[in-house]
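Reading through the structure tokens given below for one structure.
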Amino acid sequence: MSLPTQQAGSATNRIRGVAGRPGRRARRNAILGQQPLGLLFSAPYVVYILAVLAFPLGYAVYISFHSYFFTAPGVAVDRPFVGFDNYVTILTDPAVLQSFANIGVFLIINVPLTVVLSLVLANALNRVSRLKTFFRVSYYVPYVTASVAVIGVWLFLFQQGGLVNSLLGPLAPNPSWLTNSWLAMPTVALYVTWKQLGFFILLYLASLQNIPEELYESSAIDGANKWSQFWNITVPGVRPASVLVTLLATITGANLFTEPYLLTGGGGPDGASTSPVFLMYQKGILQGHPDVAAALGVVLVIGVLLIALIQKRLVGGKEE
Amino acid sequence: MLNETTPSGATEQAAVPTLAKGRRSQTEKRRSLGIGSFLLLALGAFVFLFPFYYMFIGSLQTSPDTSVAGAFPKPGNLTGSNYANINGSINLLTGLVNSGIFTGGVILCTVVFGLLVGYALAQMHFRGRGVVFGMMLLVQMIPFQLLLIPLYIMIVRNYGLADNYVGIILPFAINSTAVFVFRQYFMQLPSTLFEAARIDGASELRILWQIAIPLVRPAIVTAILLTFIGPWNEFLWPFLVTKEASMQPLAVSLANYISNIAATAANPFGAILAGACVLAAPAVILFIFFQRQFISSDFGSSVKG
């Protein structure tokens, strides 16, 4: 590459430009910027985004409005426009409606539990001096471990004769947690809360650093106790983080696939823990209806956006 | 970190409340932690760590013992045969190698292309920079479930990349969060440094390689850790694109074992837990070893404002 000479040229040019004699380089700078090479540096990333993320996004919407099926590569077939037919199919399917209700149950348990537990633990972790590193690492170990691996041990713990039921003795639910149609989804929600909590604790820890220490000091002088400090300084202080945590927890919930697939053996019992993404896999790939599955994906994303907007209003408070 | 004095220092200061130290002791009062909070943290640590301990103990049991006593190792009930059994059903080494290639490919693409675009976004002036930056932020909002079906059609059906490393890596190739981390670190370097190097006639690639990258080494470690979690633990996508056992990452082959084969094994849980230990160990060891590089300040930029 002849980059060195080129760059040296551009440097002298800039100096000349300052002196008031704009050359060809300077004119090029006006169009492409001072370091047009930046375009080249960004090119791989931009191409990647367009090809692997932006194009499929549009393609998903296209598929959802057409009658689409799998064909061998290169075979041209007619894929007629069918309007909202796929959406009607989705929204009148009781299994789909059940999966949305399941996600609703999941979010009602998972999101508040995640916000409260991660804030309380992050707040305590922020003030502890002994064993701080040990606590921090032990909290994020589940987050960095493969879900497939920890699901193995949860299956072992929560099976009919598992350790959890041994501890509970006569209080053990029958049928057991993951095969009980009332408890399957709450158990999945509990599992995901446990798995993801470490990440949210890290988010809150970062946010806690932004609260000025003086606020605690002056409120202590005014006689505020720890509880009122937590409620009146910490909670409002980490509000931006709370917005982010609720949003990310909701997105994680909407993406649920591995847990219903493995933990409850394919969304069992009797569909009590199916998730929309699991149905997308089942309908789109196993049963060969990608058009219906794409429509389900679009509906799911719109649903998540609506929930996120409502949450932002509720959690974000008055500042907007 | 923020807390330099020990709790004993705090009591000494409280005992001698001069004006200057009085302020300090107020801080210490809030900073010092009640026994209740400490117990809460300890309980939390137990809840988070116990399943991992139980995973390891369970993987060594000859016959699964689900009683409370079974949570403690018993000399008569210990065996390594579960590891041999799971290795007989799914080839652990092949799985680990495939997971490694998948994760390594993603990390390589993220570091190479991410450093380039991160540097360009932070320290170069070019037309369209704002568009690229906006794109990077927006991309992180795109939910993967929406891309699932079109990506499957494109990669598996149209390009025939099923059971191919390229097909597995492609949707994850460049982690936008890592790009964001790179940009943030490059932004913190003084731009005069780069102006001077340019006037001295250094090419942009040379500036990046010899000046910028050596200054942001911690960012590279952080970005590698952040990126590692995704592909090493990913299940759904490699599950969709790999049907041949010889191409499956360990997470996929272990999941197939759990859902299909385990029912026929003599001690299914022992084998599952042995496989789980092998899958979990690299991530757990990596994050314990590099825990300093994975701290809250790296997330700071995303929660400010």
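By convention in this document, chain letters (A, B, ...) are assigned in the order of the sequence lines, proteins followed by strands, and residues within each chain are numbered from 1.
Of the two parts of Phe156(A), the backbone and the side chain both hold a non-hydrogen atom closer than 4.5 Å to a non-hydrogen atom of chain B. Ile251(A) does not touch chain B: none of its heavy atoms, backbone or side chain, sits under 4.5 Å away. In this structure, chain B has no heavy atom under 4.5 Å from any part of Ala122(A). Looking at Leu163(A), both its backbone and its side chain come within 4.5 Å of chain B, counting heavy atoms on both sides. Only the side chain of Phe257(A) comes within contact range of chain B, with heavy atoms under 4.5 Å apart. For Leu121(A), the parts sitting under 4.5 Å from any heavy atom of chain B are the backbone and the side chain alike. When heavy atoms are compared at a cutoff of 4.5 Å, Leu155(A) approaches chain B by way of both its backbone and its side chain. For Thr133(A), the part lying under 4.5 angstrom from a heavy atom of chain B is the side chain only. If you measure heavy-atom distances from Val137(A) to chain B, the contacts under 4.5 Å come from the side chain alone.
Two rings, from Phe239(B) and Tyr261(A), have their centers less than 6.0 Å apart. Annotation: Phe287(B) is not in aromatic contact with Tyr143(A) [ring centroid separation under 6.0 Å not met]. Aromatic ring centroids of Phe70(A) and Tyr152(B) lie under 6.0 Å apart.
Tyr45(A) contributes no side-chain N or O that, together with a main-chain N or O of Gly118(B), makes up a donor-acceptor pair within less than 3.5 Å.
Proximity of Leu49(B) to Phe134(A): side-chain heavy atoms (C-beta onward) are separated by under 4.5 Å at one or more points. Between Tyr59(A) and Leu151(B) the shortest side-chain heavy-atom distance does not fall below 4.5 Å.
Each of Pro44(A), Pro142(A), Gly152(A) has some count of heavy-atom pairs under 4.5 Å with chain B, and the biggest count is that of Pro142(A).
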Step-by-step side chain to side chain contact (heavy atoms under 4.5 Å, CB included) determination, Phe41(A) to Leu121(B):
CA-CA 9 Å; Phe41(A) 280 19; Leu121(B) 284 175; over 6 Å; no

